[in-house]
J.: 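Could you have a look at this structure, given as C-alpha cells, before my questions?
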Amino acid sequence: GAVVSQHPSRVICKSGTSVKIECRSLDFQATTMFWYRQFPKQSLMLMATSNEGSKATYEQGVEKDKFLINHASLTLSTLTVTSAHPEDSSFYICSANLRLAGVLDTQYFGPGTRLTVL
Amino acid sequence: AQSVTQPDIHITVSEGASLELRCNYSYGATPYLFWYVQSPGQGLQLLLKYFSGDTLVQGIKGFEAEFKRSQSSFNLRKPSVHWSDAAEYFCAVGAPNFNKFYFGSGTKLNVKP
C-alpha cells in the first residue's frame, strides 16, 4: 500500500524553541495532506489541511501562528511548532490522500511524531 | 452534524474467539467509511473501507465489516482473534472529497491468551 513517512519519530525540546516535523508521501503525489493531534488515550483531532502551493486551512481553535504548515511540494508537508510549550507535547500524525487514476482512493497515515516539550 | 460513535471503549476477548467492534455514524450524505488500527506509539493502518456496492467488505488481517444503512452502522468483525490483534481500532467517516475525516473515539482491544 501507499506509504507516508514522518520525521522525526520522536523529538524532545526545551520550552520556547521551535520544532519542525516533516511528512512525506513516498510513492505517490499528494496535493492534500492533513495534520492531526492525538492526546493520550484519545482519538485524532484534525488540526489543519495542508494544500500544495497554497495556504493551509486550520480548524477552529488551532492557532495558525503557532502551528505553521508549509506544503512546498507534492510529496512534502511540514509542521513547525513555534515557541513550543509543555502543553504542546503530544503525538502528531500526518496523512495524505491517495488518488488512483484521478479518483480518491483513501487517506493514508504516517507513523506519527511524539513531541515532548520540557 | 457529522459524528462517529464507537460505544465500546475497551473490549477483551479470548484468543480464538470471534470479535465485533461497533461503529455508528451520523452523516448527511452517502458516507465513505473506514476502519483503521493503531498499535501503541504508531500511526494508523487502514484495515478496510466502504464506498459503495457490496455492503460486506473484506479487509486485511482477516477483518471484515458490514455497512447497514438502516442502522447507520459499520461494524467490524473477525471470526477468530489472534493475540497480535490487540490494538486500538478507529472507525472513520470521510467526506466524498476526503477533505474531512471524522473519527470515533476508538475501541481498545485486549486479547486474553
Side-chain angles (χ1 to χ4, degrees), chain A residues 1-10 21 23-26 30-52 54 56-60 90-100 102-116, chain B residues 1-10 21 23-25 29-53 57 59-61 63 65 74 87-110:
Chain A
V3 178
V4 175
S5 71
Q6 280 184 243
H7 178 78
S9 57
R10 291 178 177 270
I21 303 170
C23 176
R24 294 182 185 273
S25 55
L26 296 184
T31 55
T32 306
M33 291 184 171
F34 304 86
W35 287 96
Y36 293 84
R37 185 172 178 176
Q38 186 179 31
F39 291 100
K41 300 183 180 181
Q42 294 189 28
S43 188
L44 282 73
M45 181 192 78
L46 179 64
M47 298 174 65
T49 302
S50 172
N51 303 298
E52 188 268 336
S54 64
T57 304
Y58 290 82
E59 295 299 299
Q60 191 173 8
S90 192
F91 194 55
Y92 293 88
I93 303 177
C94 73
S95 66
N97 284 341
L98 171 67
R99 288 178 179 270
L100 295 177
V103 178
L104 283 166
D105 180 70
T106 194
Q107 191 168 117
Y108 284 93
F109 287 80
T113 296
R114 171 73 59 194
L115 170 62
T116 302
Chain B
Q2 297 85 351
S3 67
V4 179
T5 302
Q6 292 180 246
D8 304 305
I9 298 174
H10 286 99
L21 303 182
C23 173
N24 292 93
Y25 67 89
T30 300
Y32 286 59
L33 297 161
F34 305 81
W35 274 100
Y36 288 89
V37 60
Q38 184 181 35
S39 297
Q42 302 295 314
L44 275 67
Q45 180 183 22
L46 178 68
L47 285 176
L48 47 77
K49 62 189 179 187
Y50 171 79
F51 291 175
S52 64
V57 293
I60 63 171
K61 303 184 180 186
F63 286 93
F74 188 56
E88 186 134 27
Y89 292 79
F90 291 95
C91 179
V93 171
N97 59 359
F98 285 27
N99 66 348
K100 289 280 189 183
F101 264 53
Y102 302 92
F103 283 88
S105 53
T107 297
K108 185 170 183 179
L109 173 66
N110 294 317

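So that the names make sense, note that chain A is the first sequence line, chain B the second, and so on, each numbered from 1.
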J.: Would you say Met33(A) and Cys94(A) make side-chain contact, with heavy atoms under 4.5 Å?
T.: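 Of all side-chain heavy-atom pairs linking Cys94(A) with Met33(A), none is under 4.5 Å.
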J.: Are any non-hydrogen side-chain atoms of Tyr25(B) and Cys91(B) less than 4.5 angstrom apart?
T.: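 The answer is no; the side chains never approach within 4.5 Å.
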J.: Parallel, tilted or perpendicular: which fits the ring planes of Tyr50(B) and Phe74(B), with parallel below 30° and perpendicular above 60°?
T.: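 Plane angle between 30° and 60°, so tilted.
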J.: Can you name the residues of residues 40-49 of chain B that have some heavy atom under 4.5 Å away from a heavy atom in chain A?
T.: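 Checking residues 40-49 of chain B against chain A gives Gly41(B), Gln42(B), Gly43(B), Leu44(B), Leu46(B), Lys49(B).
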J.: May I ask you to name which of Tyr102(B), Tyr32(B), Phe51(B), Phe103(B) has the most heavy-atom pairs under 4.5 Å with chain A?
T.: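 Sorted descending by pairs with chain A, the first entry is Phe103(B).
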J.: Specify whether Phe109(A) and Phe101(B) have parallel, tilted or perpendicular ring planes, treating 30° as the upper limit for parallel and 60° as the lower limit for perpendicular.
T.: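 Rings of Phe109(A) and Phe101(B): perpendicular, as their planes differ by over 60°.
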J.: Is there a side-chain contact between Tyr89(B) and Cys23(B) (heavy atoms, below 4.5 Å)?
T.: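 In short, these two side chains do not touch, never coming nearer than 4.5 Å.
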J.: Mind checking what makes side-chain hydrogen bond (donor to acceptor under 3.5 Å, both in side chains) contact with Asn110(B), not counting sequence neighbours?
T.: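 Expected list: none.
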J.: Hey, what do you get for SG (Cys23(A)) to CH2 (Trp35(A)), rounding to the nearest 0.5 Å?
T.: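 It comes to 5.0 Å.
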J.: Among Thr113(A), Leu46(A), Leu44(A), which has the most heavy-atom pairs under 4.5 Å with chain B?
T.: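 Of the options given, most contacts go to Leu44(A).
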J.: Where does Gln6(A) contact chain B at under 4.5 Å (heavy atoms): side chain, backbone, both or neither?
T.: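 Contact with chain B involves no heavy atom of Gln6(A) at all.
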J.: Given the options Thr106(A), Thr32(A), Thr49(A), Ile93(A), which has more heavy-atom pairs under 4.5 Å with chain B than any of the others?
T.: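 So the answer, after comparing Thr106(A), Thr32(A), Thr49(A), Ile93(A), is Thr106(A).
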J.: Would you mind checking which part of Gln42(A) comes under 4.5 Å of any heavy atom in chain B, side chain (CB onward), backbone (N, CA, C, O), both or neither?
T.: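 Just the backbone, heavy atoms under 4.5 Å.
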J.: Is a side-chain donor or acceptor of Thr31(A) paired with a backbone partner of Glu52(A) at a separation under 3.5 angstrom?
T.: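 Not confirmed, Thr31(A) side chain does not pair with Glu52(A) backbone.
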J.: What distance do Phe91(A) atom CZ and Arg10(A) atom CZ have between them, rounded to the nearest 0.5 Å?
T.: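 Those atoms lie 8.5 Å apart.
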J.: Among Gln38(A), Arg114(A), Met45(A), which residue forms the greatest number of heavy-atom pairs with chain B at distances under 4.5 Å?
T.: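 Going by pairs under 4.5 Å, I would pick Gln38(A).
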